[in-house]
2 protein chains.
Amino acid sequence: MIMKNMSEYLKKNGIKPSLQRIKIYEYLSTKKNHPTVDQVYNDLLQEMPTLSRTTVYNTFKLFLEKKIIMMITIEENEVRYDANTKLHGHFKCENCGKIYDFGISYIQVDEDVLNDFLVEERQLYFIGKCKNCLLDK
Amino acid sequence: MIMKNMSEYLKKNGIKPSLQRIKIYEYLSTKKNHPTVDQVYNDLLQEMPTLSRTTVYNTFKLFLEKKIIMMITIEENEVRYDANTKLHGHFKCENCGKIYDFGISYIQVDEDVLNDFLVEERQLYFIGKCKNCLLDK
DNA sequence: AACAAATTTGTAACCATTACAATTTAATTC
DNA sequence: GAATTAAATTGTAATGGTTACAAATTTGTT
Ligand SMILES: [Mn+2]
Ligand SMILES: [Mn+2]
Ligand SMILES: [Zn+2]
Ligand SMILES: [Zn+2]
């Protein structure tokens, strides 16, 4: 998605496309690295020296309200964000810290408990050791 | 599980069963309410006036290392704990805050991505509105 | 251009968690 | 069983990610 489309996409979702918002959304949707606020802040600081950490917090909060991103809270004190809001799983390697995406074909839950419940968000994550880290031993 | 068995269970998992540890594990495994550290601390303070919040933190950390409890991090800044370490899902009602357990019969993931990965922990949670909250409207 | 509204920014406050040293309790040695 | 050592608990201070807030800047409107 190029800059112009990025801006259009934000508008379409009721978000006024300021430069900061465009850059932050662009970062998240192109890098696909499930970054923390600080990662986004520090990386974007290179090209936007006046960027404030608070703006990154505010922007993610706005994006969440408009549901164009999702929050990943695998570990306490490490909130990450993802521009891919489609249902998919995350694998976090406890060795290298990398987060991998994986597809979910099917989740079968025991119906009775959640009968008449309204499910608005689904999150699935695994923790373990990734292929690279297992081979490097 | 009665007190004696509680103590035995801790021992069996390499945990010296002090009074604090027994009470904290007992609280978690009998109430099944997915409490935060502060909930456990405040509730147990009634019967153990000298209990320290730090002890609850220390104890949960130890229990996690020994893998007799699991951590639930559905929302940032709200870490909860569960003595049920078997694979099961959690539904958090965004209205009343209650956390419901539900069984998982089957999860089918796209094999190729996680091939040769070592999966040690699986977490699935849903967010939405529970039956009670939907009816009360 | 003047004014109003929205956004961004920097700093201070907040608060859950952790670090740490002192105290208490339990285990070991003599 | 007293003395000694080790382990566990406790209270307080420090840490660090997040939020509150007010000032400054940018954008939109009259
Ligand atoms: Mn993802
Ligand atoms: Mn549970
Ligand atoms: Zn790895
Ligand atoms: Zn509810």
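Protein chains get the first letters and strands the later ones, always in sequence-line order, with residue 1 at the start of each.
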Peer 1: Quick check on DNA chain C: between B/Asp38 and B/Lys16, whose nearest nucleotide comes earlier from the 5' end?
Peer 2: B/Asp38
Peer 1: Let's see if you can work this out: which of D/dT9, D/dT18, D/dT10 has an atom nearest to the side-chain heavy atoms of A/Val79?
Peer 2: D/dT18
Peer 1: OH of B/Tyr125 to OG1 of A/Thr73: how many Å apart, nearest 0.5 Å?
Peer 2: 3.5 Å
Peer 1: Check the pair A/Phe102 / B/Phe117 against ring pair (Phe, Tyr, Trp, His ring centres under 6.0 Å), numbers first and verdict last.
Peer 2: CA-CA 12 Å; A/Phe102 62 86; B/Phe117 279 44; 9.1 Å; no
Peer 1: Between B/Asn77 and B/Asn58, name the one whose nearest nucleotide on DNA chain C is closer to the 5' end.
Peer 2: B/Asn77
Peer 1: Classify B/Glu78 by what it touches in the nucleic acid, base, sugar-phosphate, or nothing, heavy-atom distance under 4.0 Å.
Peer 2: nothing
Peer 1: Looking at B/Tyr57, does any N or O in its side chain come under 4.0 Å of the phosphate oxygens OP1/OP2 on C/dT17?
Peer 2: yes
Peer 1: Looking for any heavy atom pair under 4.0 Å, which part of the strands does B/Thr55 touch: base, sugar-phosphate only, or nothing?
Peer 2: base
Peer 1: What does A/Thr54 touch in the nucleic acid at a heavy-atom separation under 4.0 angstrom: a base, only the sugar-phosphate, or nothing?
Peer 2: base
Peer 1: Between A/Arg53 and D/dT19, does any side-chain N or O lie under 4.0 Å from OP1 or OP2?
Peer 2: no
Peer 1: How long is the gap from NZ on B/Lys32 to CG on B/Asp82, to the nearest 0.5 Å?
Peer 2: 8.5 Å
Peer 1: May I ask you to say what B/Thr50 touches in the nucleic acid, namely base, sugar-phosphate or nothing, with a heavy-atom cut-off under 4.0 Å?
Peer 2: sugar-phosphate
